[in-house]
Amino acid sequence: MEFNEELNNEEAEQEVTSEETEQQETAEEKSNEEILEEKLKEQTDKYMRLYAEFDNFQKRTQREKDMRYGDAVIDAVAAILPIGDNLERALQIEASTEEGIKIKEGIEMVMKQFTETLTKLGVKPIEAEGEQFDPNLHNAVMHIEDETIDDNTVVEELMKGYIYKDNRVVRHSMVKVAN
């Protein structure tokens, strides 16, 4: 009987030990799962931050590229604007002969092509005459006193100004302003 009791005690101890081992393994598994979940959360967070950084990089690069392109367009257009000014001056001359009229028609066609090209590039003339003086768009080179006209009104455009995509001045308009 003692032998049976010892066996029973040993079996009971083994059962307790196996239960404890199972509990420890279960606790370790839970602990491992928590660790894995935490690592997954960390990696997901790193991935999301890296993705956001990359997205910001792409947007910034595109903005910089657009700015460089805009700068190039502005520089090129500023260099050819005097040609347009000369074409406009040529159109102001009155033609009296048939040959002069044909030449003027040719200049009108070239001027039309010039303005269409500027429009395709996103460059348009600044409206000046009759508008309120805006130092961001206009360069006042003359002032006149006239009581019939509101103060700071542009009364004459001496040289046409141009703007690129509604926000960047290529060349300011030279204007005469009433005070």
Side-chain angles (χ1 to χ4, degrees), residues 40-179:
L40 177 63
K41 208 181 262 188
E42 282 179 28
Q43 293 301 320
T44 303
D45 186 52
K46 282 183 183 178
Y47 169 76
M48 295 304 288
R49 288 178 190 272
L50 183 64
Y51 182 79
E53 256 183 65
F54 182 69
D55 189 45
N56 290 337
F57 168 76
Q58 283 181 319
K59 289 176 184 175
R60 184 177 58 249
T61 303
Q62 186 61 41
R63 275 193 309 270
E64 289 171 358
K65 181 181 170 188
D66 291 344
M67 288 295 292
R68 280 193 304 265
Y69 177 78
D71 290 343
V73 168
I74 288 172
D75 290 345
V77 168
I80 63 170
L81 284 178
I83 297 168
D85 295 338
N86 289 333
L87 290 172
E88 284 182 2
R89 285 186 199 103
L91 290 174
Q92 291 174 353
I93 296 172
E94 291 295 321
S96 56
T97 65
E98 191 173 317
E99 187 177 305
I101 292 171
K102 288 181 182 181
I103 290 173
K104 190 170 182 178
E105 287 174 359
I107 294 172
E108 285 173 349
M109 290 177 7
V110 172
M111 186 62 190
K112 181 180 177 194
Q113 185 180 18
F114 182 79
T115 55
E116 286 173 355
T117 302
L118 290 179
T119 302
K120 286 178 187 175
L121 291 172
V123 177
K124 63 181 184 178
I126 296 172
E127 297 299 321
E129 216 165 297
E131 300 288 323
Q132 279 296 110
F133 175 75
D134 181 356
N136 298 317
L137 302 174
H138 308 122
N139 182 14
V141 293
M142 297 177 79
H143 296 279
I144 62 164
E145 296 293 330
D146 192 338
E147 299 298 323
T148 61
I149 302 171
D150 293 335
D151 282 352
N152 291 326
T153 301
V154 175
V155 292
E156 186 180 347
E157 182 178 51
L158 304 172
M159 187 166 68
K160 194 176 281 191
Y162 293 88
I163 193 164
Y164 174 68
K165 291 193 176 180
D166 296 330
N167 62 357
R168 295 180 64 190
V169 174
V170 177
R171 180 175 77 185
H172 291 81
S173 298
M174 276 203 232
V175 295
K176 184 191 294 187
V177 180
N179 282 353

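Residue numbers start at 1 and run along the sequence shown.
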Practice task
Give the C-alpha distance, both sets of side-chain angles, the deciding distance and a yes or no for side-chain contact (heavy atoms from CB on, under 4.5 Å) between Met67 and Arg168.
Solution key: CA-CA 11 Å; Met67 288 295 292; Arg168 295 180 64 190; 4.1 Å; yes

Handout entry: Chi angles and distances behind the side-chain contact (heavy atoms from CB on, under 4.5 Å) call for Lys59, Asp55
Key = CA-CA 6 Å; Lys59 289 176 184 175; Asp55 189 45; 3.3 Å; yes

Practice task
Just do the side-chain contact (heavy atoms from CB on, under 4.5 Å) check on Leu50 and Phe54 with the steps written out, would you?
Solution key: CA-CA 6 Å; Leu50 183 64; Phe54 182 69; 5.7 Å; no

Exercise for the section: Check the pair Leu158, Val175 against side-chain contact (heavy atoms from CB on, under 4.5 Å), reporting the backbone distance first and the verdict last. Expected result: CA-CA 5 Å; Leu158 304 172; Val175 295; 6.0 Å; no

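Salt bridge status for Asp45 with Arg49: present, with a side-chain N to carboxylate O gap under 4.0 Å.
Within the 4.5 Å cutoff, side-chain heavy atoms of Val154 are placed close to those of His138. In this structure, Val77 and Leu121 have side chains that are in contact, with non-hydrogen atoms separated by less than 4.5 Å. Two residues are said to be in side-chain contact when any heavy atoms from C-beta on lie closer than 4.5 Å; Ile163 and Val123 fail this criterion. Taking the side chain as every heavy atom from C-beta outward, Val177 and Met142 never approach each other to under 4.5 Å.
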Can you list, pair by pair, the side-chain donor-acceptor contacts under 3.5 Å of residues 91-106, counting residues two or more places apart and other chains?
| from | atom 1 | to | atom 2 | distance (Å) |
| --- | --- | --- | --- | --- |
| Thr97 | OG1 | Gly100 | N | 3.0 |
| Lys104 | NZ | Leu91 | O | 3.0 |
| Lys104 | NZ | Ile93 | O | 3.1 |

May I have the list of side-chain donor-acceptor pairs in residues 107-119 shorter than 3.5 Å, sequence neighbours left out?
| from | atom 1 | to | atom 2 | distance (Å) |
| --- | --- | --- | --- | --- |
| Thr115 | OG1 | Met111 | O | 3.3 |
| Thr115 | OG1 | Lys112 | O | 2.9 |
| Thr117 | OG1 | Gln113 | O | 2.9 |
| Thr119 | OG1 | Thr115 | O | 2.9 |

What side-chain donor-acceptor pairs closer than 3.5 Å can you find for residues 80-90, not counting sequence neighbours?
| from | atom 1 | to | atom 2 | distance (Å) |
| --- | --- | --- | --- | --- |
| Asp85 | OD1 | Arg171 | NH2 | 3.0 |
| Asp85 | OD2 | Arg171 | NH1 | 2.7 |
| Asp85 | OD2 | Arg171 | NH2 | 3.2 |
| Asn86 | OD1 | Arg89 | NH1 | 2.6 |
| Asn86 | ND2 | Pro82 | O | 3.4 |
| Glu88 | OE2 | Lys160 | NZ | 3.4 |

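Here the CD atom belonging to Glu131 is positioned 10.5 Å from the CD atom belonging to Glu157, to the nearest 0.5 angstrom. Once rounded to the nearest 0.5 Å, the distance linking CZ of Phe133 with NE2 of His143 reads 7.0 Å. One finds the OG atom of Ser173 at 9.0 Å from the CG atom of Asn139 (value rounded to the nearest 0.5 Å). Of the inter-residue distances, the one linking Thr61 atom OG1 with Gln58 atom CD reads 7.5 Å to the nearest 0.5 angstrom.
Minimum interatomic distance between Val155 and Ile149 (heavy atoms only, all atoms of both residues): CG1-CD1, 3.4 Å.
More than 12 heavy-atom neighbours from other residues, nucleotides or ligands sit within 6.0 angstrom of CD on Glu156.
Counting only N and O atoms by type, the side chains of Gln132 and Thr153 include a donor and acceptor under 3.5 Å apart.
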